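Because the structure is predicted, anything quoted here is derived from the model rather than measured.
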Amino acid sequence: MRFADRHHAGELLGRAVAELDPTDPVVYALPRGGVPVGFEVARALDCPLDILVVRKIGVPFQPELAMGAIGEGNVRVRNDSVMVAAGIDDDVFTQAAERERRLLETRVAFYRADVERVDPGGKTALVVDDGLATGSTALAAVTVLASQNPAELWLAVPVAPASPFDEIEKLVDRLVIVEQPRHFAAVGSWYRDFGQTSDDEVRDLLVESRLA
């Protein structure tokens, strides 16, 4: 099944998560594309929406291929198998990670200008994105939250490959996926509208969720 757009995907994901009845949930959406999805999940659960800013570290000559990711709290995740296959050494990875760190810090300041962070301590923290591909970005996100003492840590996405995500599953209490097609291709191929989410839209949705 293809989703009409991220809001439609979020509505379906929200229903799937609500059926599992998480206790005292908070949705932590990954900007930018995960925020419209997370907005709908938070609305379905009638719970707070927050963001968790992470940055994918792409292979220099193939930026969509993740060789790692970084997250808030100085978390850094490497995908060693991708680095070896692409011939990437430690220096190249470090330089790319530092560039992404500067962008991350700028975005954190922008997104959080009007909303305060929600503490995940003692709550069911649900990391939400618009899909999983390699899993590097999601791994950085759940690593960040795992260090902040949630009662439970879930990862919820509308679509992901049928292959297992062993490293992620070791960190989360529950993995919720609406669609796991055998022939995956890319996250965007499962959306009719996969247009870019803007930074302004991210901030607007965060503000709207706090006013609801």
Student: Can you spot which of Lys56, Arg76, Arg55, Arg107 makes a salt bridge (Lys or Arg N to Asp or Glu O under 4.0 Å) with Glu100?
Tutor: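 That would be Arg55; it is the only one of Lys56, Arg76, Arg55, Arg107 passing the salt bridge (Lys or Arg N to Asp or Glu O under 4.0 Å) with Glu100.
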Student: Can you tell me if Arg43 uses its side chain to pair, donor with acceptor, with the backbone of Gly14 under 3.5 Å?
Tutor: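 Not a single qualifying donor-acceptor pair exists.
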Student: Whether the side chain of Tyr28 engages the backbone of Val53 through a donor-acceptor N/O pair (distance < 3.5 Å, no angle test) should be reported.
Tutor: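 The answer is no, because no donor-acceptor pair under 3.5 Å joins these two groups.
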Student: Ignoring hydrogens and geometry, is there a side-chain-to-backbone donor-acceptor pair from Tyr191 to Asp130 under 3.5 Å?
Tutor: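 Looks like yes, one N/O pair under 3.5 Å.
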Student: Would you check if Phe39 and Val27 make a side-chain contact, meaning some heavy-atom pair closer than 4.5 Å?
Tutor: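 Phe39 does not reach Val27 side chain to side chain.
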Student: Please determine whether salt bridge (Lys or Arg N to Asp or Glu O under 4.0 Å) holds for the pair Asp129 and Arg6, giving the CA-CA distance in whole Å, both sets of side-chain angles, and the decisive distance to 0.1 Å.
Tutor: CA-CA 10 Å; Asp129 203 0; Arg6 290 182 177 90; over 6 Å; no
Student: Flag the pair Val128 / Leu30 as yes when at least one side-chain heavy-atom distance between them is below 4.5 Å, and no otherwise.
Tutor: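 Answer no - side chains too far apart.
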Student: For Trp154, does the six-membered ring have the charged nitrogen or CZ of Arg174 within the cation-pi criterion, i.e. under 6.0 angstrom from the centroid and within 45° of the normal?
Tutor: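 Because its charged atom sits under 6.0 Å from the ring centre and within 45° of the axis, Arg174 does stack over Trp154.
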Student: A side-chain contact here means heavy atoms from C-beta on lying under 4.5 Å apart; do Glu72 and Val54 qualify?
Tutor: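 A side-chain contact under 4.5 Å is absent here.
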Student: Do Met83 and Arg78 come within less than 4.5 Å of each other through their side chains, counting heavy atoms only?
Tutor: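 Yes, their side chains come closer than 4.5 Å.
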Student: Can Arg32 and Asp199 be said to form a salt bridge (Lys or Arg N to Asp or Glu O under 4.0 Å), step by step?
Tutor: CA-CA 7 Å; Arg32 290 175 295 201; Asp199 287 330; 3.6 Å; yes
Student: Just by modelled atom types, is the Lys123 backbone N or O under 3.5 Å from a matching donor or acceptor in the Asp24 side chain?
Tutor: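 No: the side chain of Asp24 does not pair with the backbone of Lys123.
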Student: Give a yes or no answer on whether the side chain of Arg210 reaches the backbone of Pro48 with a donor-acceptor pair at less than 3.5 Å.
Tutor: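 No; judged by distance alone, with no hydrogens or angles, the pair does not exist.
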Student: Going from CG on Leu126 to CG on Leu20, what distance comes out if it is rounded to the nearest 0.5 angstrom?
Tutor: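 Here the rounded value is 9.5 Å.
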Student: Considering only heavy atoms from C-beta outward, does the side chain of Gln180 approach that of Val157 to under 4.5 Å?
Tutor: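 No, side chains not in contact.
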Student: Are any side-chain N or O atoms of Asp193 and backbone N or O atoms of Gly195, one a donor and one an acceptor, separated by less than 3.5 Å?
Tutor: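 Checked: pair present.
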Student: Of the options Glu179, Arg2, Met1, which is the one that meets Val159 in a side-chain contact (heavy atoms from CB on, under 4.5 Å)?
Tutor: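 It is Glu179; the other options fail the test.
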Student: Find the distance between OG (Ser163) and CG (Leu132) and round it off to the nearest 0.5 Å.
Tutor: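 Reported to 0.5 Å precision, the distance equals 9.5 Å.
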Student: Has Arg192 got its NZ or CZ under 6.0 Å from the middle of the six-membered ring of Phe3, at an angle within 45 degrees of the ring axis?
Tutor: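 No, cation not above the ring by the 6.0 Å, 45° rule.
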Student: With rounding to the nearest 0.5 Å, note down the distance linking CG in Leu49 to CD in Glu40.
Tutor: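 It comes to 10.0 Å.
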